[in-house]
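Please read these numbers as outputs of a predicted model, since none were measured by experiment. Any value given below was found using the heavy atoms of this structure, including those in side chains, with hydrogens, waters and symmetry copies removed. Below, read A as the first sequence line, B as the second, and so on, with proteins coming before strands; counting in each chain starts at 1.
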There are 2 protein chains.
Amino acid sequence: MKQFGLLILLFFCGTSSLMAQEPADYVNPFIGTSNYGATFPGPIAPRGMASISPFNVAGPQNTLEKDSQWLSNPYVNENTFLTGFSHVNLSGVGCPDLGVLLLMPTTGELETNHLNYGSTYKNEVAKAGYYSTEIDKYKVKAEFTASTRVGVSKFHFPKGQANVLLNLGLGLTNEEGAMVQVVSSTEIEGMRSVGSFCYNSPEAAYPVYFVAQFSKPADNFGVWKKPATYEGVEAQWMGYNGKTRLMEKSTKMVVGDSIGSYFTYNFDKAETVEVKIGVSYVSIANARENLEKETNNKTFEDVYKDTYNAWNETLSKIKVEGGSEDDKTVFYTALYHTQIHPNTLNDVNGDYPEIKTGNIGNTDGTRYTVFSLWDTYRNVHQLLSLVYPQQQNNMIHSMLDMYEENGWLPKWELNSTETFTMVGDPASIVIADTYLKGIRDFDVDKAYEAMLKSADHLENNPLRPGLKDYIEKGFVTTDHGGSVSTTQEYNAADNAIAQLANALGIKDDYKRFKKRSLSYKKLFDKKLKMLRPRLQNGEWYEPFDPYAGANFSENIGFIEGNAWQYSFMMPHDIDGLIKLMNGGKGFTDQLQKIFDTEQFDMANEPGIAYPYLFNYVKGEEWRSQQMVEDLVRKHFKNTPDGIPGNDDTGTMSAWVVYSMMGFYPIAPGEPVYTITKPLFDKITIQLDSKYYKNSELVIEKETNGNGRIDHILINGKKHKGYFINHDDLVNGNTMKVILK
Amino acid sequence: MKQFGLLILLFFCGTSSLMAQEPADYVNPFIGTSNYGATFPGPIAPRGMASISPFNVAGPQNTLEKDSQWLSNPYVNENTFLTGFSHVNLSGVGCPDLGVLLLMPTTGELETNHLNYGSTYKNEVAKAGYYSTEIDKYKVKAEFTASTRVGVSKFHFPKGQANVLLNLGLGLTNEEGAMVQVVSSTEIEGMRSVGSFCYNSPEAAYPVYFVAQFSKPADNFGVWKKPATYEGVEAQWMGYNGKTRLMEKSTKMVVGDSIGSYFTYNFDKAETVEVKIGVSYVSIANARENLEKETNNKTFEDVYKDTYNAWNETLSKIKVEGGSEDDKTVFYTALYHTQIHPNTLNDVNGDYPEIKTGNIGNTDGTRYTVFSLWDTYRNVHQLLSLVYPQQQNNMIHSMLDMYEENGWLPKWELNSTETFTMVGDPASIVIADTYLKGIRDFDVDKAYEAMLKSADHLENNPLRPGLKDYIEKGFVTTDHGGSVSTTQEYNAADNAIAQLANALGIKDDYKRFKKRSLSYKKLFDKKLKMLRPRLQNGEWYEPFDPYAGANFSENIGFIEGNAWQYSFMMPHDIDGLIKLMNGGKGFTDQLQKIFDTEQFDMANEPGIAYPYLFNYVKGEEWRSQQMVEDLVRKHFKNTPDGIPGNDDTGTMSAWVVYSMMGFYPIAPGEPVYTITKPLFDKITIQLDSKYYKNSELVIEKETNGNGRIDHILINGKKHKGYFINHDDLVNGNTMKVILK
């Protein structure tokens, strides 16, 4: 009977999620936690600074071990060996960093070596703002939630000795070094060094500060330190050489590469302990203030409720109808993933570390960080401009503040360090795109000045290496890595500058940059119908293999891809490209070949607009409709491997959000969308009244036949072609897509 | 002409010290900086927490290199390669610790590796409270002084780039780990881990906090960090693997084992920079308060003047007349060395780290630290009781506070860690000795309780291992290391307890402990006329070699010595020992043999009273007179090797101070002195009116013949024998020693 009751209970719990009505209930944070999606399943508030991820990438028991390969995430779904819960994490990135401040509940005798205290786990539950699991070795249920700057844990301990470890040694980052000091039997403070994203710029390593507060005073506490091992004559006098030392009851400051603090309880019955960890990139005092302002007098349940509500409000900006439950889960989880990065950098009091200056800045609003712009300029910021324009406007503020501080716009900014990851000058595209969509509550003159600086400044220009050749010859030469890719990115940026110049009435600049934006043609090899690298002396680079460079192997001329994967990445001049390829058929054939020869990589940004490019050739639009639907179905699923690769701070997710809604921002830097088939019956986007005159945009699908688009109605009027301007879209109340 | 002028100037400088009149002018801090004396030549205020020592023990260029041997001092006179100036230092100890917070001026391009930036140096000048040298490589003159808690440096830079390095990696201690944060272009704060004295108790490692303030704002600054070197697959992605990184303009907290901060200036003419470093064992805030309260608005010269005056006042408590300039230098430098440890632990606001509890205590007076009691119970505290009774009384307060905090009296306490170095229970001897000399402004009941606890507590008694055997059998058995030495130390402590019990009127305890204090007789092998280890079953330990164990080699039964070096260490029962040795002749012959066979070690505490023991045999006192004078002349000189070995926090120095004054506290724990020949014509000791009724004690020498004592007059009355009670001495105005 008892087992039967349990089954009923499980069934009830199961159905409760099937019956979910709210957008936040459709979030499945496990999506992207396998297949190198690099998302994490633990809780985070929208654009939170703190987050909690189960950390299961240390220890040889795991399938993917962090030190045995290039691994950029704190959690891998198929791994099994858990060594803590990290409190600052990156989502969907391609390089290891953060993944530190590991909290771990254990029981019995204290053990501080993660290889010994680690455990398998089961019954994971992940929801927006919530994660729980049961830790096998200790029979401890662990629950987690988070506010913007505070991770909150709740551990259900059995009777007996319970331990909470705060491991400051282990982490995903390749930086080492931490400081810890027990303040009292309910509080620990300290810092951990992080940085060296992509194994670069170690001199820019920086601290994340924390304060941890416990709901119950510890019966015992202390600090552990595993020092470096001495060699030489002194080693013989050190019986303790290299051994971990426990500094019981120590309230002194301790530093080291492999240190941690433990709180121990002796429970005479099952008890819970809640731990709140406030973080800050400015100071310990700010970490404490963050903790207190956001969570004082709040229980675990209170914090979870607040964060759930914040997620639900955020995700409810788009309501979808029709489609399967899995479709909705894929959609809302993708939307959720676009609301993680860029994330909040400033403390509750407004303080944040400036980029480069070393000063502490202060903001009344939000200072955003984690700008993976090479990825996100393609669709993430366009999604924000449409659905969350206030966020997007504030992100432009953050980018311009970085320009003020650093002298340059960001390229791949991470917690106020410029990692200089990838190529191109994507900030200009994001700014122009935003402005041209009417989101203009920022200093556009300063923005334009910053864009010109990166476009024209020849000496020591950190954003545009190879700029002199590019301006003089029209292309970056093979003297610089990724010369073709980089030329294309500069063309895209220059087109965005031209568009903005045009809007600002600066005609000369418009002409100059428009011309520059088309210089990719000098790299077009008419025989191959492909872009191809050229040497400093102007000759084609030989030997040339357009298939070389797949799977991130090094390839002269191209960054993360081959000639196939780049040759169509010229979204602002597809018509020009069509001409170069001898018209629509030549273009379509060449494009189709990419898919037929499996050169298309859904997970790599240069090609992610490719499926939409058939829309540029009249009569071939059905290919885009079919291609996009097929790709959505194939690569985006309600499973841990349901993202085709690194989510790239939401870029893959933004792709599927748009693709499922039936339109896509095809030309970054230009306020235009191309239209395909919506995958839901009805999509209602709430529009922000501060930026848009309409309160909502409705997209409807009417299915009458085999599923190809017959025609499109905007406010009931038939729309010509498969492209629509941003203004036309948002100023119409409905877009109806009628399938034949 | 110019060179001639220089010579005159040098001569003038030279004579100025010859013409010195003040006691402080006789201090030569180079004494003890060779021959393992382990003193340092740099400035310190009386009983200062901070001090500055040139640090010349790193780098293979040096004769004695810290990592190639057991080296306990930051400076060795014959070394030549300087790598900085350390700001917390131990004086005259036998184990490496502290010697951290290394400040180093350099010029030209920044170099942070000490093996590269290190330099030879010349023209060292060392005085009480002052040290200067010229650093060859950089042509920088560096001057140093110190207040109690602040080291002050003054660097004379030539025109050009000047750098001040604060190296937090390099140090004498075997602990590693530091934290640093640049606060502004004139201030740095941070901490350094220290501890593991004698390569013991690494879990008791603790931080020294600091704040450094610069007189001129830096033109540039930053932090360097040399991280640990990665191995394995990740190393291939780290072009920076293991390399030092410069974090320019960084104002963020940085931690690591090998880190430092640099301040850089671009001087267009020769300039000076003053750097003040305040230290604290409590917090950075307290380090800053120490700095500001002690040195705000004071120039280098102001601080030096104050410290010079403090030294002069301290040393002027004893005035000596007659004797050579070298004699005075040896004497006042020795007195100076007795005024370094125990030193101040508390901050200006009274805060100090308690021992063991982890709490921050607070005192209105002075919390003393660095109690090397196995050494200092023999003569240092007796000297303080006589000349500096207020200091001694306050040290008893500190010892009792430790008992309150720790549950036990100190044994070898270092910055509120109990290092448990050496054997015995010396605190009881120090307390009894102090009380019996009438210095009683402390809670003697609590002191007596603490003494009884260590004497009687059988279970887990950290002060008296082997106590059960000792009480039951009368001796510690070979089950414990150093069984004979330990038995002797327990006898000495028990005698002190007996003496105090007697004074307190606790007759039963008096009898019990007096009996216990004589149990060494059970270890006396009548055939050998020596003390000899016994096994648990009572049998003598075999094989027995009374010469084994010299030079600190391990020796069953004895700690740091052999049977010869211990067998006469029973100062409270020399009469008993004489009986055991069949009377005065047997005793004298055996004692003389120690010297004749070179078994006497002037630098080792167990035997340091031996030269005085001839005084116990009537008619043999001339031997003590001659022996003591010979030993003073042989071992104590106005040269760097002018201390016979480790000064042992002033124990060697106190020996020579007493010996040159013509009397010695022969039986620690009993208020008695034995008398030999003063080496000055007249010695005037100022007595503290709070503790003594007379304002001074005068010792005079009258020389009429071959230099042996003919008779002794106390206040003009002939004194019987060569011993005098403390009260009789201090209550008499003069002791006159007439030589025949």
To the nearest 0.5 Å, tell me how far [X] [atom1] sits from [Y] [atom2].
X	Y	atom1	atom2	result
Ser283(A)	Lys252(B)	OG	NZ	13.0 Å
Tyr206(B)	Ser250(A)	OH	OG	13.0 Å
Tyr199(A)	Asn241(B)	OH	CG	10.5 Å

Considering all heavy atoms of both residues, which atom of [X] and which atom of [Y] are nearest to each other, and what is their separation?
X	Y	result
Met247(B)	Ala205(A)	CE-O, 3.1 Å
Val255(A)	Met179(B)	CG1-CB, 4.0 Å
Glu234(A)	Asp67(B)	OE1-OD1, 2.9 Å
Ala228(A)	Asp257(B)	CB-OD2, 4.2 Å
Trp237(A)	Gln69(B)	CH2-C, 3.5 Å
Glu175(A)	Lys225(B)	OE1-NZ, 4.5 Å

Checklist entry - For Tyr281(B), is it the side chain, the backbone, both, or neither that has a heavy atom closer than 4.5 Å to a heavy atom of chain A? => result neither
Checklist entry - Which bit of Pro96(B) is near chain A, if near means a heavy-atom gap under 4.5 Å: side chain, backbone, both or neither? => result neither
Next on the checklist: As an exercise: rank Thr357(B), Asn359(B), Asn174(B) by heavy-atom pairs under 4.5 Å with chain A and give me the winner.
Outcome noted: Asn174(B)
Checklist entry - Lys356(B), Glu203(B), Lys243(B): which one forms the most heavy-atom pairs within less than 4.5 Å of chain A? => result Glu203(B)
Item to check | Residues, nucleotides or ligands: over 12 heavy atoms within 6.0 Å of Lys249(B) NZ | outcome: yes
Checklist entry - CD of Gln236(A): more than 12 outside heavy atoms within 6.0 angstrom? => result yes
Item to check | Under 4.5 Å from any heavy atom of chain B - which part of Ala178(A) | outcome: backbone
Checklist entry - Quick one: what part of Trp70(A) sits under 4.5 Å from any heavy atom of chain B, side chain, backbone, both or neither? => result both
Checklist entry - Are any side-chain N or O atoms of Tyr209(A) and backbone N or O atoms of Met253(B), one a donor and one an acceptor, separated by less than 3.5 Å? => result yes
Item to check | side-chain contact (heavy atoms from CB on, under 4.5 Å) evaluation trace for Ser201(A) with Tyr240(B) | outcome: CA-CA 9 Å; Ser201(A) 303; Tyr240(B) 54 89; over 6 Å; no
Next on the checklist: Tell me which of these, Met191(A), Lys66(A), Met238(A), Gln181(A), has more heavy-atom pairs under 4.5 Å with chain B than the rest.
Outcome noted: Met191(A)
Checklist entry - Within a strict 4.5 Å, meaning less than it, do heavy atoms of the Pro227(A) and Glu176(B) side chains meet? => result no
